[in-house]
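Data block below; observations after.
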Amino acid sequence: MATGSGKGKAILFGEHFVVYGLPALAAGIASETTAVITRVRSFGWKLVDNRPAMPGYKEKKYEEQKVSIDNILKHLNIDPTETGFQIDLGGDLVCASGIGASAASCVAIARALSDEYSLGLDDDQINEAAYMGEMGYHGTPSGLDNTASTFGGLIWFVRDLNGGPPKFEKLKLGKAANLVIASTGLTASTKVVVGDVRKKKDADPDWFDSISSEYTQLVNDARAALIELNFDKVGTLMNNNHELLQQLTVSCKELDNLVAIARESGAIGAKMTGTGRGGNMIALAPDETTMDKIAEALKESGAAGVWTTSFGL
Ligand code: MEV
């Protein structure tokens, strides 16, 4: 029997843009998914998924999850028809679109398999295996989610569009930043939403180039503002990033509503995070008291789930 774990994440800047090789900033959060591998006498693999989740999340992702697990096994040269095993998924990461739940489970499973089959994989190899798993969920993952899940912390990430390993850097801030995460309770298919953005880009490349150059300036400013601990500026840039995501049509009225409530109750900035069209919103709070106030307002407004966390240290 062996265990492994993978962290959840929040994309601070750059969902969707990251697919096209633009930089993104993501923060690992404390909650994680765990995987336990137990060998069994029957052939093949069996999944027991005990992760806490938004209603409908697991059902909606199940077919993709099966492809994802098969991809990881193939990548690691493990043939479950020779030695059968059970995968038990658990942990305290509540599965919802936008929190990196699929990547966290890929990382957890890869780590548990590495341990059970004495593969001795280092973090870079775990990240590669998890990337193959992520391909089960959508054909063209940027690699951001699995990298944030494998390494945790605050990361600056750039995908290599030629298929080489991504460039990423761990950033440390002099002070923790307070974040509220709230869920719409809606689960979107990353494959569908990423595909829709690609169609829009292909239909009007000039429009996409102009939004992309605005975003590139924004994310570079955000990186500098984070390092300078200028959280007011970071918040403004989060608001601006949300507007660009609205223009990409990946936000929705439920996300816009949570963003508005967070801003009205004291957030210095708020935006959707991850795939969009449902999933989660993040809000940056100036201090812990305001963070709790924002979380309370979001709960009262009927958000399907609300969590507080911090990043940067
Ligand atoms: C999904 O969490 C983030 C997206 O940018 C897709 C990706 O990076 O592969 C929408």
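What you see is a predicted model; the values in this text were computed from it and never measured.
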- Query: Between Q65 and D49, which heavy-atom pair has the shortest distance, and what is it?
  - Reply: NE2-OD2, 3.5 Å
- Distance, nearest 0.5 Å, that separates NZ of K66 from CG of N71: 13.5 Å
- Look at the side chain of Y131 and the backbone N and O of T147, then say whether any donor-acceptor pair between them is shorter than 3.5 Å. no
- Query: Donor-acceptor pair, Q125 side chain versus D122 backbone, under 3.5 Å?
  - Reply: yes
- Message: If only side-chain N and O atoms count, and only distance matters, is there a donor-acceptor pair under 3.5 Å linking R51 with T34?
- Response: no
- Would you call D196 and K199 a salt bridge, taking side-chain N to carboxylate O under 4.0 Å as the test? yes
- Message: Has T236 got a side-chain atom pairing as donor or acceptor with D232's backbone, closer than 3.5 angstrom?
- Response: yes
- Does the side chain of L93 reach to within under 4.5 Å of the side chain of I29, using non-hydrogen atoms? yes
- Does a donor on one side chain sit under 3.5 Å from an acceptor on the other, for T275 and T190? yes
- Query: Hey, does T308 have a side-chain heavy atom less than 4.5 Å from the side chain of L179?
  - Reply: no
- Straight-line distance of S301 OG to E296 CD, nearest 0.5 Å: 10.5 Å
- Taking R277 for the side chain and V192 for the main chain, is one N or O donor matched with an acceptor at less than 3.5 Å? no
- Message: What I want to check is whether the side chains of D88 and Q86 have a donor and an acceptor closer together than 3.5 Å.
- Response: yes
- Under a 4.5 Å cut-off applied to non-hydrogen side-chain atoms, are Y137 and V67 in contact? no
- Message: Any side-chain to backbone donor/acceptor pair from S68 onto E64? Under 3.5 Å, distance only.
- Response: no
- Of all heavy-atom pairs between T140 and V19, which one has the smallest distance, and what is that distance? O-CG1, 4.3 Å
- Query: Would a 4.5 Å heavy-atom cut-off, applied to side chains only, mark E15 and K271 as touching?
  - Reply: yes
- Message: Taking the basic N atoms (NZ, or NE/NH1/NH2) and the acidic carboxylate oxygens, is any pair closer than 4.0 Å for D79 and K74?
- Response: no
- Exercise: do S102 and E134 side chains pair donor with acceptor under 3.5 Å: yes
- Within the side chain of S149, is there an N or O that forms a donor-acceptor pair under 3.5 Å with the backbone of D145? no
- Distance only, no hydrogens: is a donor on one side chain within 3.5 Å (strictly under) of an acceptor on the other, for T273 and N280? no
- V180 and V306: which non-hydrogen atoms are nearest, and at how many Å? CG1-CG1, 3.9 Å
- Task: Side-chain contact test, heavy atoms from C-beta onward, threshold under 4.5 Å: evaluate it for R223 versus L171 and give yes or no.
- Result: yes
- Query: How about F168 and F151: are their ring centres within less than 6.0 Å of each other?
  - Reply: yes
- Close side-chain approach of N239 and R263, heavy atoms under 4.5 Å: yes
- Message: For a 4.5 angstrom cut-off between non-hydrogen side-chain atoms, does L255 reach C252?
- Response: yes
- Item | Side-chain heavy-atom pair F85, E116 within 4.5 angstrom cut-off | no
- Could you tell me which non-hydrogen atom of Y20 sits nearest to which non-hydrogen atom of L161, and how far apart they are? O-CD1, 3.5 Å
- Task: Tell me, please, whether Y117 has R39 positioned over its six-membered ring: NZ or CZ under 6.0 Å from the ring centre and within 45 degrees of its axis?
- Result: yes
- Minimum heavy-atom distance I72-A129, with the two atoms named: CG1-O, 3.7 Å
- D123 to R111 - nearest heavy-atom pair and separation: OD1-NH2, 3.1 Å
- Message: For a quick check under 3.5 Å, do S310 and N178 share a side-chain donor-acceptor pair by atom type?
- Response: no
- Query: Where the side chain of K60 meets the backbone of T187, is there a donor-acceptor pair that is under 3.5 Å apart?
  - Reply: yes
- Polar contact flag, side-chain donor to acceptor under 3.5 angstrom, T290-D287: yes
